[in-house]
Amino acid sequence: MKKLLLIEDDLVLRENTAEILVLSNFEVITASNGLEGVALAKSRIPDIIISDIMMPELDGHEVLEILANDERTKYIPFIFLSAKTERKDVRKGMNMGADDYITKPFEEEELISAISIQLYNEKLRKQSEKIKLETLQHNISFTIPHELLTPLNGIIGLSSFCLLYTSDA
């Protein structure tokens, strides 16, 4: 079960959205403001974060900026869920590094689809990193023995020569 952090200051919307997500088989952690959301993200390391923008303590942009600068949280998919619907607001969120931007009011299917896409993209990113690591390990396993054997061949050759020279004397 994937762990999801929902940061939303409106109690009714937070509870309703959390219920939708629980019914969609997500483990849901909720925060009522940006400061609490950052603390939960750092301590619980969710698989995905959904955040409102206009909130007390820290707004959604500040939350994204803080989490993007932390090694433990910077790769967690981040979706804005906001009533700010103007193109410039959406663009700002995406330019800051949000993976998606959903405007309120939203359809349940729209939210679940956005989450599924981001989780799938994260899975692909991790698979790609795994393949790169395996390729690097493979290349190292072939390169290092050659690099170690080359000087050893010289040492063995000189040792053999020395043994022959000392045995003839």
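Being a predicted model, the structure only gives us computed values, none of them experimental.
- Other members of the cluster containing Leu11 do not exist, because no ILVMFWY side chain is joined to it at under 4.5 Å.
- Qualifying side chain to side chain contact (heavy atoms under 4.5 Å, CB included) partners for Thr135, counting only residues two or more places apart in sequence or in other chains: Ile131, Asn139.
- Taking Arg91 as the reference, nothing meets the side chain to side chain donor-acceptor pair (under 3.5 Å) condition, with sequence neighbours excluded.
- Cluster partners of Phe26 are Leu4, Leu6, Leu13, Ile20, Leu21, Val22, Val28, Ile48, Ile50, Ile79, Leu81, Ile102, Phe106, Leu111, Ile112, Ile115, Leu119, counting Ile, Leu, Val, Met, Phe, Trp and Tyr whose side-chain heavy atoms approach within less than 4.5 Å, directly or via other members.
- Sequence neighbours left out, the pairs with a member in residues 14-32 that pass salt bridge (charged side-chain N to carboxylate O under 4.0 Å, His left out) are Glu27-Arg44.
- Judged as a salt bridge (charged side-chain N to carboxylate O under 4.0 Å, His left out), the pairs with a partner in residues 96-107 (not counting sequence neighbours) are, in order, Glu8-Lys104, Asp52-Lys104.
- In this view, Glu134 satisfies the side chain to side chain donor-acceptor pair (under 3.5 Å) rule with no residue, not counting sequence neighbours.
- By the 4.5 Å side-chain criterion applied to Ile, Leu, Val, Met, Phe, Trp and Tyr, Tyr120 is assigned to a cluster that also includes Leu124.
- Applying the 4.5 Å side-chain rule to ILVMFWY residues, one finds that Met1 remains a lone member of its cluster.
- Under the side chain to side chain donor-acceptor pair (under 3.5 Å) criterion, no residue pair touches residues 57-68, with sequence neighbours excluded.
- With sequence neighbours left out, the side chain to side chain donor-acceptor pair (under 3.5 Å) criterion links Gln118 to no other residue.
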Under 3.5 Å, which donor-acceptor pairs do the side chains of residues 32-43 form with other protein atoms, sequence neighbours left out?
| from | atom 1 | to | atom 2 | distance (Å) |
| --- | --- | --- | --- | --- |
| Ser32 | OG | Glu36 | OE1 | 2.9 |
| Asn33 | OD1 | Leu35 | N | 3.0 |
| Asn33 | OD1 | Glu36 | N | 2.8 |
| Glu36 | OE1 | Ser32 | N | 3.1 |
| Ser43 | OG | Ala39 | O | 3.1 |
| Ser43 | OG | Leu40 | O | 3.4 |

